[in-house]
Amino acid sequence: MLKIHNTLTGRKELFEPLVSGTVRMYVCGVTVYDECHIGHARSAFVFDVVRRYLEHSGFSVTFVKNFTDVDDKIIKRANELGKPWQEITATYIDAYYRDMGRLGIKPATVEPKATEHMAEIIGLVQVLLTKGAAYQVNGDVYFQVERYGSYGRLSKRKLDDMQAGARVEVDERKRHPMDFALWKGAKSGEPAWPSPWGPGRPGWHIECSAMSMKHLGETFDIHGGGADLIFPHHENEIAQSCAATGKEFARYWLHNGFVQINQEKMSKSLGNFFTIREIFEKWRGHWSGESFQNDLLTAEVLRYFLLATHYRSPLDFSDIGLEEARNTLNGFYGLFQRLEESAGKEEQGDVRIQPLLERFGDVFGQAMDDDFNTPVAIAEFQRLRSEVNKLLGIGLSRSARVDALGAFRRFGEVLGLFQLKKWQFNVCLKPVPMTGEAHLRAEAVIVRGSQALTDEEIERQLADRLEARKRKDFAKADAIREALEERGIIIEDRPDGTSRWKR
RNA sequence: GGCGCCGUACCCAAGUGGCUAAGGGAGCAGUCUGCAAAACUGCGAUGCGGCGGUUCGAACCCGCCCGGCGCCUCCA
């Protein structure tokens, strides 16, 4: 039984979708005026896992994630760069797909754009005007918050309380300071669409109401986004949607916590944010081998790191945190490699593998059912890793090993983890510094990695080393091992005298 | 001024009224090994920011205090 923490009630609630067996969810995507940062990555990972787990649990999920592609910030950026605003949005939509692809985020079922829903948006504004929930001032249309009795329900604030500390210059034309724009009349040179109120563009909040209703219906199951969207964005969405339809809007509201840097919110004004692209560049030097693989490794480390903290908690982003995630993953992939080896016919551990895997399936489900508790789910993976390692020490047959590996792959897929074919051992112990001598050293490792040895060459070296060890020429054996290590190849000797290697 | 969050071992991080406070990383010691590496075993919070209170019983509930943060304005 899945329980979800609902921001609307502040409690964990049993999740029961409107239509049994199906889930309709909407997540606020990005405003495409700049590159995505780690905060976007966290949100993307969180709702990716929510979606994956719902599907794993047997629900048919319709997942809508929008692009805000018309907005004041986009106009501002376009003016700064002297480019058409469409060029800005196109650029950053491309960047978004590039980043999300690298991160391994499954695309949403529908990815609507505000600019492609003008008819729906205008229609919704008209309904609100007709119902007296909105009013027109020159070319603008505002939503009248005092006409919606439950305003503040989501963010748990009262209109009166907010006025007290408001630091905004009050627009004289508004009837209430918290009234917000549904439609903004265009000044010259601004993007504009024709409307009954003159040329203009939608306000920020109305697009999400219009698009979610179009693609999911007037009432749907889950609405999500970052915690910073609770107010005013989601509060306003609820107000205008409920005012328009008279029905319940989204039933469960999920919000992920912030990513912080050194205990502070990551923000552009503090200058302490990292883009997703920067993370990939910085971590390239952790890996050797083919560069296309490096992105997969970095994405897995990042995903593991972010999912190791509960989605509602604040999370401090740090290189050390990523390194710990890397170290742990290294242990998992070491086990996977051993499970795949063909050697070993013993099977004393076999009788214990099925109960172990069954128990794992249960506790994994319990953890995820408890408001998507990925840290506990991951802890159970770690426990399983340890248990399987022990059984491997006792002896597992081929089929038992296949079963064990299958469990890691199958349940790992729900979190988006453990899907790599090959893990590449790190050759750098620190992230690549952006400057200085250490940077050059790290670059040298990358170059060595790019001139990676072929499997055949490595196998030949291993044969030489095996020969040397048989002759008890350990100096030579160690020299071969060190030479390979220089090039990012790690050797592990097995008890029977043969060796396994990994990059 | 209003609303809210966080503080668990060297680090990360679950747990939110009741068995010995999960799990991982790092460290140390040991087993194995020609040596390594990996794996395994052992060690590691008499205590969960502090002080009171409620309770048979609290890291978990209540109060106060200390420290840190967020929202109320664009923000994942």
Side-chain angles (χ1 to χ4, degrees), chain A residues 10 27-31 33-34 36-47 71-73 76 152 155-158 160-169 178 204 224-233 235 255-260 262-269 273 304-305 308-310 312-316 318 320-332 334-335 337-338 363 367 370 373-386 388-390 392-394 425 469 472-475 477-478 481-482 485 490-495 497 499-502:
Chain A
V27 171
C28 289
V30 294
T31 301
Y33 74 107
D34 207 346
C36 292
H37 55 236
I38 309 168
H40 295 109
R42 184 178 193 193
S43 191
F45 278 129
V46 164
F47 291 103
D71 167 272
D72 292 355
K73 293 190 292 295
K76 182 163 173 264
S155 56
K156 316 271 187 289
R157 19 185 132 211
K158 300 189 186 88
D160 296 343
D161 294 341
M162 286 188 280
Q163 290 177 70
R167 294 178 267 159
V168 235
E169 75 274 25
M178 295 310 294
W204 177 32
D228 48 352
L229 295 179
I230 295 172
F231 190 89
H233 186 54
E235 192 70 61
H255 294 95
N256 64 273
F258 287 119
V259 173
Q260 307 181 327
N262 297 324
Q263 318 289 352
E264 276 185 323
K265 180 184 174 180
M266 186 176 69
S267 76
K268 296 199 173 173
S269 50
F273 73 100
Y304 188 97
F305 171 69
T309 297
H310 187 82
R312 282 190 283 116
S313 300
L315 180 156
D316 215 57
S318 68
I320 290 172
L322 290 180
E323 284 169 33
E324 288 188 359
R326 187 269 322 276
N327 290 345
T328 309
L329 281 167
N330 206 42
F332 278 107
L335 172 61
Q337 185 176 15
R338 273 169 268 129
V363 293
D370 184 14
N373 198 331
T374 54
V376 169
I378 283 175
E380 293 301 339
F381 267 119
Q382 290 164 338
R383 213 190 299 269
L384 182 66
R385 179 187 71 177
S386 170
V388 173
N389 263 325
K390 281 177 216 167
L392 214 44
I394 297 171
F425 195 83
R469 290 175 72 208
K472 303 260 190 261
D473 183 357
F474 296 120
D478 291 350
R481 182 166 62 198
E482 278 159 33
E485 196 168 336
I490 303 296
I491 291 173
E492 290 176 12
D493 294 334
R494 299 192 187 96
S499 307
R500 72 171 69 86
W501 61 273
K502 56 189 179 183

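Below, chain A is the first sequence line, B the second, and so on; all start at residue 1.
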K.L.:
Base, sugar-phosphate or nothing for A/G226? Non-hydrogen atoms, less than 4.0 Å.
P.N.:
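If one applies the 4.0 Å heavy-atom cut-off, A/G226 turns out to touch the sugar-phosphate alone, with no base involved.
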K.L.:
Give a yes or no on whether a donor-acceptor pair under 3.5 Å exists between the nucleobase atoms of B/G34, that is its base, and the side chain of A/D478.
P.N.:
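In this structure, the two groups form a donor-acceptor pair.
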K.L.:
Within the 4.0 Å heavy-atom criterion, would you say A/R312 contacts the bases, only the backbone, or no part of the nucleic acid?
P.N.:
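Counting heavy atoms under 4.0 Å across all strands, no contact is made by A/R312.
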K.L.:
For A/I394, does the CD1 atom sit with more than 12 other heavy atoms under 6.0 Å from it, leaving out its own atoms?
P.N.:
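Counting other residues, nucleotides and ligands, CD1 of A/I394 exceeds 12 neighbours.
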K.L.:
Taking the basic N atoms (NZ, or NE/NH1/NH2) and the acidic carboxylate oxygens, is any pair closer than 4.0 Å for A/D71 and A/K73?
P.N.:
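Yes.
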K.L.:
B/G70, B/G34, B/G23: which one has an atom nearest the side-chain heavy atoms of A/R383?
P.N.:
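Looking only at side-chain atoms, A/R383 lies closest to B/G23.
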K.L.:
What contact category does A/S386 fall into here, base, sugar-phosphate, or nothing, at under 4.0 angstrom with non-hydrogen atoms?
P.N.:
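Touches sugar-phosphate only.
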K.L.:
Which is true for A/F474 with a 4.0 Å heavy-atom rule: it touches a base, it touches only sugar-phosphate, or it touches nothing?
P.N.:
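Base contact.
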K.L.:
So, for A/A367 and A/A377, which heavy atoms are closest and what is the spacing to 0.1 Å?
P.N.:
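The answer is CB-N, 3.7 Å.
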K.L.:
Once you apply a heavy-atom cut-off of 4.0 Å, does A/R500 come out as touching a base, just sugar-phosphate, or nothing?
P.N.:
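Nothing: the residue A/R500, judged by heavy atoms under 4.0 Å, touches no strand.
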K.L.:
Dot-bracket notation for RNA chain B is requested: 5' to 3', Watson-Crick or G-U wobble pairs only, both distances under 3.5 Å, with ( ), [ ], | and . as defined.
P.N.:
((((((((.[[[..)..(....]]].(((((.......))))).....[[[[[..)....]]]]])))))))....
K.L.:
Report which part of the nucleic acid A/Q260 touches: base, sugar-phosphate, or nothing (heavy-atom distance under 4.0 Å, all strands).
P.N.:
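Sugar-phosphate, backbone atoms only, no base.
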K.L.:
Considering heavy-atom distances to RNA chain B, does A/A475 or A/A379 have its closest nucleotide positioned more toward the 5' end?
P.N.:
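Residue closer to the 5' terminus by nearest nucleotide: A/A379.
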K.L.:
Side chain of A/E492 only, please: which of B/C74, B/A37, B/A76 is the nearest?
P.N.:
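Per side-chain heavy atoms of A/E492, the pick is B/A37.
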K.L.:
Under 4.0 Å, counting only non-hydrogen atoms across every strand here, what does A/N256 touch: a base, just sugar-phosphate, or nothing?
P.N.:
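A/N256: base contact, heavy atoms under 4.0 Å.
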K.L.:
For a quick check of understanding: with a heavy-atom distance under 4.0 Å over all strands, which category does A/L335 fall into, base, sugar-phosphate or nothing?
P.N.:
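It contacts nothing in the nucleic acid.
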K.L.:
Looking only at the side chain of A/Q382 (C-beta and beyond, no hydrogens), which of the listed nucleotides B/G23, B/A76, B/A36 gets closest?
P.N.:
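Nearest nucleotide to the side chain: B/G23.
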K.L.:
Side chains of A/N256 and A/F45: does their closest heavy-atom pair fall under 4.5 Å?
P.N.:
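The answer is no; the side chains never approach within 4.5 Å.
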K.L.:
Name the nucleic acid region contacted by A/V46, choosing base, sugar-phosphate or nothing; use a 4.0 angstrom heavy-atom cut-off, strictly under.
P.N.:
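Touches nothing.
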K.L.:
Within the sub-3.5 Å range, which N or O atoms of nucleotides 10-14 of chain B have a protein N or O partner, and how far apart are they?
P.N.:
from: B/C11; atom 1: O2; to: A/E324; atom 2: OE2; distance (Å): 3.2
from: B/A14; atom 1: OP1; to: A/H310; atom 2: N; distance (Å): 2.8
from: B/A14; atom 1: O3'; to: A/N373; atom 2: ND2; distance (Å): 3.3

